[in-house]
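To find a chain, count down the sequence lines: A is the first, B the second, and so on, and within it residues start at 1.
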Number of protein chains: 2
Amino acid sequence: MKKKRPSLKDIAEVLNVSTTTVSFVLNGKGKEKKISDELIAKVEAYLKEINYKPNLVARSLRTGSTRILVFMVEDISNHFFSKVGRLIEDISYKNDYRVLFCSTENDLKRTQDLIQVFHERQVDGFIIVPPPGIQEDIENLIESEMPVILFDRKIPEIDCDYVIINNFEGAKNSSEHLIDSGFKNIAFITIDLDQVQMHDREAGYIAAMNEAGLTPNILKLPYNTSTVGSSRETMKEFINNSKDLDAIFFATNYLSQSGLKGIHQIDTQLIDKLGIVSFDDSGFFEMYSPTISAFAQPVEDMAENLMRIMFQKLKNKGNAKPEQLVLEGTLVKRESSKAKVV
Amino acid sequence: MKKKRPSLKDIAEVLNVSTTTVSFVLNGKGKEKKISDELIAKVEAYLKEINYKPNLVARSLRTGSTRILVFMVEDISNHFFSKVGRLIEDISYKNDYRVLFCSTENDLKRTQDLIQVFHERQVDGFIIVPPPGIQEDIENLIESEMPVILFDRKIPEIDCDYVIINNFEGAKNSSEHLIDSGFKNIAFITIDLDQVQMHDREAGYIAAMNEAGLTPNILKLPYNTSTVGSSRETMKEFINNSKDLDAIFFATNYLSQSGLKGIHQIDTQLIDKLGIVSFDDSGFFEMYSPTISAFAQPVEDMAENLMRIMFQKLKNKGNAKPEQLVLEGTLVKRESSKAKVV
DNA sequence: ATGAAAGCGCTAACAT
DNA sequence: ATGTTAGCGCTTTCAT
């Protein structure tokens with residue numbers, strides 16, 4: 001009744017060969033180890049016959065490698081992260097690595113927990129979008145020789161590998177695009193989060209406004225996942241109170257989505273009077289009416305670089321000095337930022 | 001330089017105790033195994049001091065259990081699946097299980113591969129939304145005593161545990177709601193997929209239409225993730241050619257999303273003339289303008305039942321006859337299905 | 001060309 | 001109350 005899964009030893013016994021032989025054949029090292037063709041054939045036939053599945057836990061214990069990578073982002077259902085994730089998965093797959101996805105929700109406790117879980121389970125590397133406060137845990141990870149690459153945002157205090165984009169330029173370009181479309185009272189709606197990428201986006205917006213001789217108008221929402229509704233109310237108030245407001249630049253795609261909902265709630269027609277650009281693209285933006293312009297990050301480029309660095313670290317066993325990449329994104333112009341006909 | 005992670009043995013040596021003692025303390029069995037309080041304290045202090053992290057790969061090899069569950073759905077970024085996933089994760093966490101999420105994309109090859117990967121890695125159980133053709137692999141899994149629960153859809157040929165909803169009733173209710181709102185020419189847009197849940201939704205729609213003396217009007221799109229664009233063109237043609245069409249009932253939330261985009265492309269105002277209901281809710285629907293009505297599945301209920309059954313199977317080591325649950329959903333009425341003022 | 005055997009880090013039955 | 005030790009299933013060095 002209890003059909004325990006056959007082990008290498010069981011197979012060796014049945015075939016009257018040693019476990020060594022079976023192991024070599026299993027790992028395709030038969031030729032290399034000069035095992036006779038007929039024996040190889042015999043073993044392979046049997047492995048296939050019983051549909052043998054090696055116990056990878058045992059293999060990992062022995063080899064010290066799980067061939068598992070972890071991709072830990074703020075929210076894997078976010079268009080940007082899932083897109084990069086998918087690309088990373090493909091590249092990993094071709095190199096015989098699997099990748100595990102998880103969402104930190106930008107929550108420190110949760111992230112620490114995830115890092116711990118995967119570290120204990122001996123994964124081979126981490127790609128992490130670091131939430132605030134995670135610095136020490138990241139340092140510990142690196143300390144213990146674990147390959148770690150930061151993504152989307154860096155931690156200035158740590159000198160480690162990262163792949164990010166030029167947030168300042170992206171925000172500046174986006175703002176300038178709205179200005180070029182003739183908008184004058186452009187607001188910037190962002191999150192009150194002490195992280196570099198947010199500061200840079202804000203700075204980019206302010207720079208563009210100043211250069212154009214326009215007055216910045218900024219709303220900083222408290223960062224708190226649990227009160228999405230209340231922050232939308234704040235947005236609505238802000239929009240209502242901003243005199244002559246004619247355009248909004250949102251600092252993230254989820255802010256835009258919440259904002260669009262708020263705009264719709266204020267007045268069904270309001271969206272047609274406002275210029276909108278969002279930082280970070282989203283599948284939603286193409287579908288919305290009007291379609292929403294967005295500053296898109298170079299996902300393929302990011303994924304490729306991330307994996308190039310990762311494989312390098314996996315080989316070099318953690319010497320080599322950190323690679324720190326700052327890539328450029330592209331502004332995708334859609335209906336929402338077109339000049340309004342007066 | 002190379003700071004190998006300390007093992008239980010290393011710790012035992014440093015403290016001049018046996019590995020057993022350390023192991024017992026580590027696993028909180030100190031009291032139970034009558035280890036003196038002072039020794040327990042001493043060991044615990046040291047474990048904390050060096051920030052010891054046990055090698056869970058070794059533990060799993062020894063115990064035969066990884067305390068990992070896999071939640072394998074069509075697309076984890078889909079609102080419905082991610083919501084259930086999150087609930088499952090919470091419940092698992094409280095019971096000291098971790099859950100790994102992955103997307104099958106309803107692709108047979110990919111799913112087989114994922115099953116194999118996780119099976120080899122000795123996960124403790126699977127919750128699977130089965131893609132077409134996966135029957136045999138599921139049977140093998142169950143055969144090998146792996147706890148498996150089907151979710152969202154069943155495979156009629158296999159007598160195993162599953163948790164699904166009453167698709168027929170859900171589709172019938174949704175259709176009736178449109179009929180009650182005064183719509184007469186209600187189309188049903190679905191996927192041409194030979195799976196029970198799709199057949200049931202179609203049947204529910206047809207039943208409602210027939211009972212109301214209305215004529216069904218069905219569009220079946222080919223199932224093929226790679227040609228989303230072309231299927232939208234088909235939808236647009238269908239909508240244009242359906243004389244006097246005044247409402248659409250979409251069979252899935254992603255069809256709705258694509259459909260809404262198509263409707264927007266045909267004519268910006270068209271959406272205001274059509275009644276819309278979608279099967280499966282989505283965060284998008286609350287945000288769209290107008291907000292979209294949807295037949296929502298009882299996510300909490302599903303998650304709780306899924307985990308109740310899973311834990312039971314984990315304990316019983318696979319005897320017990322299969323539990324087969326069919327739950328009811330709820331129609332969430334929003335703007336899109338309101339009677340149109342003429 | 002093939003096999004014996006050590007050992008990865010942990011748990012737990014058994015011994016003392 | 002604490003220690004000794006046998007494995008879990010696999011890889012790989014060394015021996016033959």
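- Taking the charged nitrogens against the carboxylate oxygens, B:Lys31 and B:Asp37 do have a contact shorter than 4.0 Å, which makes a salt bridge.
- The distance from atom CZ of A:Arg62 to atom P of D:dT11 is 9 Å, rounded to the nearest whole Å.
- As rounded to whole Å, 10 Å separates atom C1' of D:dG9 from atom CG of A:Asp10.
- Rounded to whole Å, the distance from CG on B:Leu26 to P on C:dT11 is 6 Å.
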Please report, to 0.1 Å, the donor-acceptor pairs under 3.5 Å made by any side chain of residues 300-311 of chain A, with sequence neighbours excluded.
| residue | atom | partner | partner atom | Å |
| --- | --- | --- | --- | --- |
| A:Asp301 | OD1 | A:Asn305 | ND2 | 3.4 |
| A:Asn305 | OD1 | A:Arg308 | NH2 | 2.9 |
| A:Asn305 | ND2 | A:Asp301 | O | 2.9 |
| A:Arg308 | NH1 | A:Glu323 | OE2 | 2.9 |
| A:Arg308 | NH2 | A:Glu323 | OE1 | 3.2 |

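- Computed from coordinates, the A:Asn16 CG to C:dT2 P distance equals 13 Å when rounded to whole Å.
- In this structure, B:Thr63 and B:Leu39 both approach DNA chain D, and ranking their closest nucleotides by distance from the 5' end singles out B:Leu39.
- Under 3.5 Å, the side chain of B:Ser36 and the base of D:dA1 form no donor-acceptor pair of N or O atoms.
- Under 3.5 Å, the side chains of B:Thr20 and B:Ser23 contain no donor-acceptor pair of N or O atoms.
- Side-chain N/O atoms of B:Lys29 include one lying less than 4.0 angstrom from OP1 or OP2 on C:dA12.
- Applying a 4.0 Å cut-off to non-hydrogen atoms, the residues of residues 42-61 of chain B that approach DNA chain D are B:Leu61, listed by residue number.
- One can find a donor-acceptor pair under 3.5 Å joining the base of D:dT12 and the side-chain atoms of A:Thr20.
- Here C:dC14 presents its C1' atom at 11 Å from NZ of B:Lys33, a figure rounded to the nearest Å.
- Residues A:Val123 and A:His119 are not in side-chain contact: their nearest non-hydrogen atoms beyond the backbone lie 4.5 Å or more apart.
- Applying the 3.5 Å distance criterion, the base of D:dT4 shares no donor-acceptor pair with the side chain of B:Thr19.
- Between B:Ser7 and C:dG9 there is no side-chain polar atom (N or O) within less than 4.0 angstrom of OP1 or OP2.
- The CG-C1' distance, from B:Leu8 to C:dT11, rounds to 9 Å in whole Å.
- Regarding A:Arg67, its CZ atom lies at a distance of 13 Å from the P atom of D:dT11, rounded to whole Å.
- A close approach under 4.0 Å does not occur between any side-chain nitrogen or oxygen of B:Thr21 and OP1 or OP2 of D:dT2.
- Note on B:Lys9: every side-chain N or O is 4.0 Å or more away from OP1 and OP2 of C:dG7.
- OP1 or OP2 of C:dT11 sits under 4.0 Å from a side-chain N or O of B:Ser23.
- Picking from D:dG9, C:dT2, C:dA12 the nucleotide with the shortest atom distance to the side chain of A:Ile35 gives C:dT2.
- Residues forming a side-chain contact (heavy atoms from CB on, under 4.5 Å) with B:Lys9 (at least two apart in sequence, or on another chain): B:Ser7, B:Glu13, B:Thr19.
- D:dT4 atom P lies 11 Å from atom CD of B:Glu13, rounded to whole Å.
- Note on ring orientation: taking the six-membered ring where Trp is involved, the planes of B:Phe71 and B:Phe151 are tilted (angle from 30° to 60°).
- Inspection of the B:Gln112 and B:Gln116 side chains reveals no N or O donor paired with an N or O acceptor under 3.5 Å.
- Taking the centre and axis of the six-membered ring of B:Phe24, the NZ or CZ atom of B:Lys29 falls outside the cone set by 45° and 6.0 Å.
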